[in-house]
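Read through the structure below, which is laid out as structure tokens, and then see the notes.
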Amino acid sequence: MSHELTPQEQMRRWRMVLGSEPNQPEVSLGADDLAMDRALSALYNPPPGRNGALGASAPNVSRWLGDIRQYFPSSVVQVMQKDALERLGLEQMLLEPEMLKAVEPDVHLVATLLSLNRVMPNKTKETARMVVRQVVDELERRLASPFRQAVTGSLNRGTRNRRPRHHEIDWLRTIRSNLRHYQPEYRTIIPETRIGFGRKGQSLRDIVLCIDQSGSMAPSVVYASVFAAVLASIKAVSTSVVVFDTAVIDLTPMLADPVDVLFGTQLGGGTDINRALGYCQGLIERPADTIFVLISDLYEGGNNAEMRRRAAAMVAAGVQVIVLLALDDHGAPGYDHANAAYFAALGAPCFACTPDLFPELMAAAIKRSDVGQWAAQAGIVGIKP
């Protein structure tokens with residue numbers, strides 16, 4: 001079968017790519033092509049002197065949202081929505097319930113909704129919550145199971161109980177460690193040492209997630225909230241979640257529902273990492289068994305010197321400190337290079353992480369593995385001291 005394009009088809013494709021330009025050869029377009037062309041032109045080629053061909057008309061925006069969903073795949077729709085918000089200033093379209101129902105939900109839309117939470121009319125909030133719920137449910141379907149398996153698996157492997165009760169015995173490890181005590185005449189092993197799983201009466205690790213909720217970190221807040229809710233469902237770890245800008249909010253009581261966590265945030269504003277670290281220091285009761293994950297671009301608006309002293313004190317006390325410059329699907333984030341290098345010099349691994357790799361990261365931390373070495377093996381470029 002030949003895959004060569006006819007000259008007419010080539011012209012049609014170039015016309016769709018380049019749009020309508022003066023002195024351009026006339027190209028015949030079908031009804032669907034014209035509709036796609038109008039939707040693209042409204043966003044990327046607005047009339048001179050106007051912010052956008054969509055104007056401020058709610059019906060126009062709703063119609064445009066419907067058109068792009070009809071003619072473009074979901075991944076392209078999400079890109080166009082994000083571009084519309086940035087290029088045309090269409091935050092207003094999110095303040096009407098009818099429009100929210102027409103939007104293709106994704107992490108960036110959730111971040112935008114959360115940033116508008118304080119100015120959103122009451123009539124829109126319930127619809128916004130439904131949109132956020134839809135995205136959170138999808139993230140949980142994709143991420144929760146591997147995350148839970150990675151964490152619980154690392155807990156089982158990372159802890160030992162040398163005086164286990166019968167129901168706590170790890171038989172596989174007990175047999176392996178006592179093979180030398182095999183008794184041929186009895187055709188059995190006499191276990192000199194019994195190895196058991198950790199006792200469930202007390203959490204085996206304390207995990208504190210400290211999340212920067214300034215505007216630049218919005219997608220990271222969404223992913224971190226989902227992971228925090230999953231961690232809270234694992235009884236073998238104790239999980240705390242603190243979000244901050246210039247104020248500090250402890251969202252731990254809301255961990256049963258990640259949507260509640262998200263609506264408890266107030267995206268935007270400044271950043272006071274020092275104040276957040278000070279609050280988190282008060283949460284740490286067992287430093288040697290605590291994993292502290294700071295999710296921030298490290299641009300400090302508060303007392304930078306004091307922030308560094310607090311970080312050094314946490315590391316010196318035995319807390320396992322990890323800094324994530326971003327927790328999202330994007331590439332290299334913007335961050336404060338001097339502070340990142342300082343954390344790295346303390347021995348705190350400092351890098352950006354995608355949501356798909358976060359379960360492995362936490363599993364490595366729980367097992368007390370070298371997180372910096374894990375990152376290098378995973379192809380993540382960490383910050384150098």
Item to complete: Take Leu255 and Val261, measure what side-chain contact (heavy atoms from CB on, under 4.5 Å) needs, and give me the verdict at the end.
Response: CA-CA 6 Å; Leu255 282 180; Val261 174; 4.0 Å; yes
Practice prompt. Indicate, with yes or no, if the rings of Phe147 and Phe358 have centres closer together than 6.0 Å.
Written response: yes
Worksheet item: Is the shortest side-chain N to carboxylate O distance from Glu126 to Arg129 below 4.0 Å?
Response: no
Worksheet item: Do Asp137 and Arg142 sit within salt-bridge range, that is, some charged N less than 4.0 Å from a carboxylate O?
Response: no
Worksheet entry | Over 12 foreign heavy atoms within 6.0 Å of CD, Gln183 | yes
Discussion item. Using a 3.5 Å distance criterion without hydrogens, assess whether the side chain of Gln213 forms a donor-acceptor pair with backbone atoms of Thr265.
Written reply: no
Worksheet item: Are the side chain of Ser225 and the backbone of Val221 linked by a donor-acceptor contact shorter than 3.5 Å?
Response: yes
Discussion item. Looking at every non-hydrogen atom in both residues, tell me the closest pair between Val208 and Thr290 and how far apart they are.
Written reply: CG2-CG2, 4.3 Å
Discussion item. Can you see whether Asn339 engages Tyr299 through a side-chain donor-acceptor pair at a distance of less than 3.5 angstrom?
Written reply: no
Discussion item. Using every non-hydrogen atom in the two residues, find where Leu298 and Asp336 come nearest and quote the distance to one decimal.
Written reply: O-CB, 3.3 Å
Worksheet item: Is Arg205 reaching over with its side chain to a backbone N or O of Ile366, donor-acceptor style, under 3.5 angstrom?
Response: yes
Discussion item. Side chains of Gln320 and Arg368: any donor to acceptor distance under 3.5 Å?
Written reply: no
Worksheet item: Are side-chain N/O atoms of Thr354 and Asp356 paired as donor and acceptor at under 3.5 Å?
Response: no
Practice prompt. Might you confirm whether atom CZ of Arg275 has over 12 heavy atoms from other residues, nucleotides or ligands at distances under 6.0 Å?
Written response: no
Practice prompt. Please assess Thr246 against Thr271 for the test side-chain contact (heavy atoms from CB on, under 4.5 Å), listing each intermediate value before the final yes or no.
Written response: CA-CA 5 Å; Thr246 52; Thr271 309; over 6 Å; no
Practice prompt. Indicate the atoms forming the closest heavy-atom contact of Val371 with Leu361, along with that distance.
Written response: CG1-CD1, 3.4 Å
Worksheet item: In terms of side-chain heavy atoms, does Ser233 have a donor or acceptor partner in Arg148 at a distance below 3.5 Å?
Response: yes
Fill in: Atom of Ala111, atom of Pro219 and distance for their closest heavy-atom approach
CB-N, 4.3 Å
Discussion item. If I compare all heavy atoms of Lys384 with all of Ala344, which pair ends up nearest, and what's the gap?
Written reply: C-CB, 4.0 Å
Item to complete: Quick one: closest heavy-atom pair of Tyr223 and Leu327, and the distance?
Response: CD1-O, 3.3 Å
